[in-house]
There are 2 protein chains.
Amino acid sequence: MDERLGLRERKKRESRRRIADIASGLFIERGFDNVTIAEVAEAADVARMTVFNYFPRKEDLFLDRHADLVEDLKRAIRARETGESVVAAVRRHLHELLATQHPLSGARDGSEFFYQIVDASPALVRRTLEHTREMADALTELLETEVGPGMQAAVVANLIATAVTIVPRVAVDKLIAGQPGEQVRREQADVIDQTFDLLEGGIANYGS
Amino acid sequence: MDERLGLRERKKRESRRRIADIASGLFIERGFDNVTIAEVAEAADVARMTVFNYFPRKEDLFLDRHADLVEDLKRAIRARETGESVVAAVRRHLHELLATQHPLSGARDGSEFFYQIVDASPALVRRTLEHTREMADALTELLETEVGPGMQAAVVANLIATAVTIVPRVAVDKLIAGQPGEQVRREQADVIDQTFDLLEGGIANYGS
DNA sequence: AGCAAATAGTGTACCCGGTCTAAATTTATG
DNA sequence: CATAAATTTAGACCGGGTACACTATTTGCT
C-alpha cells in the first residue's frame, strides 16, 4: 500500500477490498441471490451498515471495476492519432484488451464463471445494463467536447457502447459453450474486426 | 369488450386495466417512488396481493405497453418489401409511428410528462433498459431466422434496438426543453433520417 | 338447476435490500 | 492528553416481493 496515506485511509481501502473479496467468494460459492448482505457482513466481521457504507448497492460488491473500464476507454479515444477515427481507436483498444488478456476482453480463462454468476442474477444483469448506459453517457459527453456537439455524438456514443458490450459477450458465450480458451482467443480478433467493420461501414444492406 | 370471452376473462382484463390506470394516476400525481403498492391497492379497492398477481413488478404498472411495441417492430421488419433492407424497414416504421402520433414516437404532446416520471425514478429507468435489451434479444432471434444465423444478427439487432430507443428520446428531450410540439414533430423526421443514415452508412469517419 | 373442479382474490406472515438516526469507537491534531 | 473529526455500530423502520393457506366466484358438466 501507499505509505503516504494515513492509517485511516489505509484501513478503509483494506476494509473495502476485504469486504468485496469475501462477498465475491460467497457469491461464487452459492450464487448472488442466495447470499444476503447480512451474511457478507458477518463473514467480513463487520456491521451490516458498514457494507452499505462502502457499497451503496449489493450489486456493486461484485461489479466494482466498471468505472476503471470506462476511464480506459475514454483515454484510448482521447489518445488517438490525429486523423484516426473514434471507432478505429476503440477497435484498437479492444484488440489491446484481448492481447493483454484483460478481464473485460471476455476471452480469458475463467471469465465464463464470472458471467454465469451475473447471468443467474436478474439484479446483476440489470446493473450491467446500467453500466452500458453509463458508458454511453460518458462517451456522449466526451465526443461532444472532442468532436463537436449535436445529436450525432449521442448516437455514435450509444453505438460504440453497444459494440463494446457485445464483443466480449461473444467470447464468453463460446467459453460457456465449452470451446477451449485458446481457440476463442484466436477467433476473437476476427470478432472484433467484423463487429467494427460493420460499425464503420454501416448495415445498409443487411437483410436486403 | 369481446363477447366471446367468458365473464371471468372479461373481469380480469377490466381489473387489470383499472389497477394500471389508477396506479398511473397516482404516479403522475405524486411520482413513482412516492406511491406504494399498498396505496395503489387501496385506491383500486383490491388486495395488495392482487396487484402483484397482475403486475409482477411495480414498474410494470406504469410500463405495460412494451410488448406490443416490440411486436409492431417485428411485424414491420417481417413485412418489408423484397429487396428492402432490415434497417430501411425500421426507418419506415419509425416514420409511420411519427405520422400517426404513436406514443412511442416521442413527439406527441404530453410525452414529456410520461418520460419525466420515468426519469425521476431509478427503478423505472432500469426497467426501460431491460426493455431495450428484450427488444434486442427479440430482434436477434427474428434476424437469425429471417436473414440467417451468425454473430452479425446479434450485432445488427442491438444496433437497431439502440437506434429505436434513442430516436424518440431526442424528441422528448426537446419537448422537455420547452420546444413546441409542432416544431419538434417537423424536425423529428430529419432526426430519424439522420440517425438511420448513420446506421446504414456507418460511422467510419466520425471524429477523424 | 345443481355440483365439483378450476381459478381469482384475500389475509397474513415473512424475507431482504436499503435508509435513518443516535450512540460508540477510532484516528487525527494541537 | 484532550478534543475534534470521521468511521463504525446497533437498532428501528420502510417498502417491494414471495409463500401459503383460505375464501369466494366462475365454469363446465350432468
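Residue numbers start from 1 in every chain, and the chains themselves are labelled A, B, ... in the order their sequence lines are given, proteins ahead of strands.
Using a 4.0 Å cut-off, some side-chain N or O of Lys12(A) falls inside it from OP1 or OP2 of dT7(D). Taking only side-chain nitrogens and oxygens, Thr50(B) comes nearer than 4.0 Å to OP1 or OP2 of dT10(C). At dT19(C), one or more side-chain N or O atoms of Arg57(A) fall inside 4.0 Å of OP1 or OP2 (strictly under the cut-off).
One can place CD of Glu9(B) at 18 Å from P of dA6(C), the figure rounded to the nearest angstrom. The interatomic distance linking Arg10(A) (CZ) with dA6(D) (P) rounds to 19 Å, in whole Å. The CG atom of Asp33(A) sits 17 Å away from the P atom of dC15(C) (whole-angstrom rounding). Note: CZ (Arg13(B)) to C1' (dT26(D)) measures 16 Å, nearest angstrom. Between Arg126(A) atom CZ and dG18(C) atom P the separation is 11 Å, expressed in whole Å. For Phe52(A) and dG11(D), the CZ to P distance is 17 Å, given to the nearest whole Å. The interatomic distance linking Glu14(A) (CD) with dT26(C) (C1') rounds to 15 Å, in whole Å. In this structure, Phe32(A) places its CZ atom 12 Å from C1' of dC16(C), rounding to the nearest Å.
Set against dT10(C), dG16(D), dT8(D), the side chain of Ser15(A) has dT8(D) as its closest nucleotide. Distance from the side chain of Lys11(A) is smallest to dT27(C) among dT19(C), dG17(D), dT27(C). Relative to the side chain of Lys58(B), the nucleotides dA10(D), dG16(D), dT10(C) differ in distance, and dG16(D) lies closest.
Residue Val35(A) is in sugar-phosphate contact alone, with no base atom involved, counting any heavy-atom pair closer than 4.0 Å across all strands shown.
Each of Met49(A) and Tyr54(B) was matched to the nucleotide of DNA chain C holding its nearest heavy atom; the match closer to the 5' end belongs to Tyr54(B). Nearer the 5' end of DNA chain D, as judged by each residue's closest nucleotide, is the contact made by Asn53(A), out of Ile37(B) and Asn53(A).
No side-chain N or O of Asp60(A) forms a donor-acceptor pair with one of His66(A) less than 3.5 Å apart. Side-chain contact annotation: Glu187(B) with Gln183(B), donor-acceptor N/O pair under 3.5 Å present.
With hydrogens and angles disregarded, no donor-acceptor distance shorter than 3.5 Å links the side chain of Ser121(A) to the backbone of Ile117(A).
Evaluation of atom-type donor-acceptor distances gives a pair under 3.5 Å for the side chain of Arg8(A) against the base of dA6(D). Evaluation of atom-type donor-acceptor distances gives a pair under 3.5 Å for the side chain of Arg48(B) against the base of dG17(D).
Across Phe62(A) and Ser24(A), no two heavy atoms sit closer than the pair CD1-OG, 3.7 Å.
Heavy-atom neighbours of Arg65(B) CZ from other residues, nucleotides or ligands within 6.0 Å: at or below the threshold of 12.
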